[in-house]
Amino acid sequence: MPPDLPRFSLRLHQGLTPQASRALAASAEAHGFHTLWFAENPFGRTILPAVAACAAETSRVRLGLGILNPYQHHPTLIAQEAAVLDELSGGRVRLGIGSGIAQRIARLGTRYRLLAALADAVQIVRGLLRHETVTYRGRAFSADRVALEFAAPRPDMPIHLAAMADRSLALCGRVADGLIVSNLCPPAYTARAVAIARESAALAERESFDIVQYLPCAARPDGDEAREIAKEAVGAMLIALWPTGNDWPAQRETIVRLSGIARPEMVGALDRLRRGERAARVLDDRFISGFALAGTAEQVIAQAAQYRLAGADELALSFAGPQPAADAAYFARAVKRLIPDGELAIDVRRSPPDSG
């Protein structure tokens with residue numbers, strides 16, 4: 001019998017061209033991955049062309065918009081985009097909305113209002129997908145007598161929110177159908193985030209609530225090689241996503257505390273990485289166990305089970321290194337060996353009804 005594992009999906013980052021995304025999509029479908037999650041942040045490649053190309057290239061794998069931010073995609077536009085991509089893909093779209101990276105949004109000349117942006121976006125998008133005429137006056141976004149000029153294929157399309165801080169996690173539980181946990185969150189932080197969001201969902205009487213976690217992954221027959229690759233991936237994420245300075249937001253303090261790495265060690269590692277030292281020299285195995293999956297396929301599967309224990313229903317894996325398609329296929333074959341009936345999908349547990 002297989003261990004209690006999360007669903008396994010692929011996360012496609014903005015460094016990939018649409019052509020590379022298409023190749024990975026075809027491989028992901030062939031090897032049974034549950035969803036392709038397309039990551040978008042300001043100033044990188046926009047994801048919609050790649051999503052459309054992958055929709056045409058595949059017929060079964062789900063397509064996750066993870067995430068669209070309402071500052072660049074007004075909520076009315078998010079509803080249009082999600083509905084049309086759902087038409088194109090035959091109902092395979094999973095919608096993720098987030099407030100985006102604050103430092104990048106600020107460069108747009110827009111006031112960053114995290115909670116208001118999320119709450120307003122969900123209200124507007126959900127009404128439009130239901131083919132309602134939406135008049136809504138929000139603190140961040142509004143709509144005045146707006147309706148889609150076509151019927152969305154799925155008026156009840158589930159909406160996942162990306163959330164990190166306690167108040168946004170609670171909001172997610174109240175208004176969304178699922179949570180997306182970002183990269184650089186250790187299992188203990190995931191467990192804490194899941195508890196906050198699920199408690200809020202229960203109070204709002206939301207019976208079905210799905211948890212997706214993003215994670216860098218390196219799976220190779222040579223486990224030591226995989227761990228070296230993972231260190232480079234984690235190092236690059238730390239530099240890109242954790243800005244300089246010692247005035248850390250509360251959630252980052254909590255992440256560091258729950259990672260098991262003392263703050264002075266984390267600060268020292270960040271300083272060395274920013275000075276150009278290689279991550280393989282700076283980061284030890286604690287950074288890998290806290291922020292990535294790495295090793296042989298069997299070792300990665302065992303590590304994934306820890307995130308399932310923390311409450312994650314699904315892991316969206318970014319396969320690091322120069323051969324992501326080959327590494328993902330190697331990992332997929334190992335997972336399938338654990339499934340007694342030999343079914344194609346890596347979805348070893350039954351998908352929740354709101355997962356599309």
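Please read all numbers here as calculations on a predicted model, not as lab measurements. If you read the sequence from its start, that first residue is 1, and numbering goes on from there.
- Taking Arg278 as the reference, Glu232, Ala280 meet the side chain to side chain contact (heavy atoms under 4.5 Å, CB included) condition, with sequence neighbours excluded.
- The line from CZ of Arg308 to CZ of Arg7 is 8.5 Å long, rounded to the nearest 0.5 Å.
- A 4.5 Å side-chain heavy-atom check between Ser9 and Phe33 finds every atom pair outside the cut-off.
- Considering CG of Leu273 and CG of Leu283, their distance stands at 5.0 Å, rounded to 0.5 Å.
- Applying the salt bridge (charged side-chain N to carboxylate O under 4.0 Å, His left out) test to residues at least two apart or on different chains, none of the pairs has a partner in residues 108-122.
- Using a 4.5 Å heavy-atom threshold, the side chains of Val212 and His34 count as separate.
- Residue pairs satisfying the ring-ring contact (aromatic ring centres under 6.0 Å, His included) criterion with at least one member in residues 118-140, sequence neighbours excluded, are absent.
- Without hydrogens or angle criteria, Gln213 side chain to Cys185 main chain gives a donor-acceptor distance under 3.5 Å.
- In this structure, Phe150 is not a member of the same hydrophobic cluster as Leu77, with clusters built from ILVMFWY side-chain heavy atoms closer than 4.5 Å.
- For Thr58, the side chain to side chain donor-acceptor pair (under 3.5 Å) partners at least two apart in sequence or on another chain are Arg92.
- Taking CH2 of Trp37 as the reference point, atom CG of Leu315 lies at 12.5 Å (rounded to 0.5 Å).
- Listed by chain and residue number, Arg137 satisfy the side chain to side chain contact (heavy atoms under 4.5 Å, CB included) test with Ser142 (two or more places apart in sequence, or in another chain).
- Within the structure, ring-ring contact (aromatic ring centres under 6.0 Å, His included) contacts touching residues 74-123 (residues at least two apart or in different chains) are Tyr71-Tyr112, His74-Phe141.
- Taking every heavy atom of both residues into account, Ala162 and Ile67 meet most closely at CB-CG2, 3.8 Å.
- Scanning both residues, Ile97 and Ile78, for their nearest heavy atoms gives CD1-CG2, 4.3 Å.
- Just one residue in the list Arg154, Arg126, Arg94 forms a salt bridge (Lys or Arg N to Asp or Glu O under 4.0 Å) with Asp177, and that residue is Arg126.
- The closest side-chain heavy-atom distance from Ile101 to Leu241 is below 4.5 Å.
- Applying the side chain to side chain donor-acceptor pair (under 3.5 Å) criterion to Asp284, with sequence neighbours excluded, gives Arg286.
- What you find for Ala152 and Ala83 is that their closest heavy atoms are CB-CB, 3.8 Å.
- Closest non-hydrogen pair, Arg11 versus Ala316, comes out as CB-O, 4.0 Å.
- Of the inter-residue distances, the one linking Phe319 atom CZ with Leu12 atom CG reads 11.5 Å to the nearest 0.5 angstrom.
- Atom CD of Glu225 sits about 4.5 Å away from atom CD1 of Ile229, to the nearest 0.5 Å.
- Residue Leu10 comes nearest to Leu24 through the heavy atom pair CD1-O, 4.4 Å, listed as atom of the first residue, atom of the second, then distance.
- Within the 4.5 Å cutoff, the side chain of Leu108 has heavy atoms near those of the Phe43 side chain.
- Checked against side chain to side chain contact (heavy atoms under 4.5 Å, CB included), Thr254 has the following partners two or more places apart in sequence or in another chain: Tyr189, Arg192, Arg257, Leu258.
- Under the side chain to side chain contact (heavy atoms under 4.5 Å, CB included) criterion, Ile47 pairs with Phe38, Glu40, Val51, Leu65, Leu68, not counting sequence neighbours.
- Closest of all the heavy-atom pairs between Val300 and Ala219 is CG2-CB, 4.2 Å.
- Using modelled atom types, one side-chain atom of Glu29 and one backbone atom of Arg60 make a donor-acceptor pair closer than 3.5 Å.
- Within a 6.0 Å radius of CD in Glu277, other residues, nucleotides and ligands contribute more than 12 heavy atoms.
- Cluster membership check: Leu36 shares its hydrophobic cluster with Leu317, using side-chain heavy-atom separations under 4.5 Å among Ile, Leu, Val, Met, Phe, Trp and Tyr.
- Counting heavy atoms from C-beta on, the side chains of Leu309 and Gln306 come closer than 4.5 Å.
- Separation of atoms CD (Gln251) and CD (Glu253) is listed at 10.0 Å; rounding is to 0.5 Å.
- A ring-ring contact (aromatic ring centres under 6.0 Å, His included) check over residues 166-187, counting only residues at least two apart or in different chains, returns nothing.
- Proximity of a side-chain donor or acceptor of Thr133 to a complementary backbone N or O of Arg145 within less than 3.5 Å is not detected.
- Between Ile255 and Leu184, every side-chain heavy-atom pair lies at or beyond the 4.5 Å cut-off.
- Looking at heavy atoms from C-beta onward, Arg45 lies in side-chain contact with Thr17 at the 4.5 angstrom threshold.
- Pairs passing the ring-ring contact (aromatic ring centres under 6.0 Å, His included) check and including a residue from residues 287-309, sequence neighbours excluded, do not occur.
- In this structure, the side chains of Gln299 and Leu293 stay at 4.5 Å or more apart for every pair of heavy atoms.
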Could you tabulate the donor-acceptor pairs under 3.5 Å formed by side-chain atoms of residues 324-331, not counting sequence neighbours?
{"from": "Asp327", "atom 1": "OD1", "to": "Arg220", "atom 2": "NE", "distance (Å)": "2.8"}
{"from": "Asp327", "atom 1": "OD1", "to": "Gln323", "atom 2": "NE2", "distance (Å)": "2.9"}
{"from": "Asp327", "atom 1": "OD2", "to": "Arg220", "atom 2": "NE", "distance (Å)": "2.8"}
{"from": "Asp327", "atom 1": "OD2", "to": "Arg220", "atom 2": "NH2", "distance (Å)": "3.3"}
{"from": "Tyr330", "atom 1": "OH", "to": "Ala297", "atom 2": "N", "distance (Å)": "3.0"}

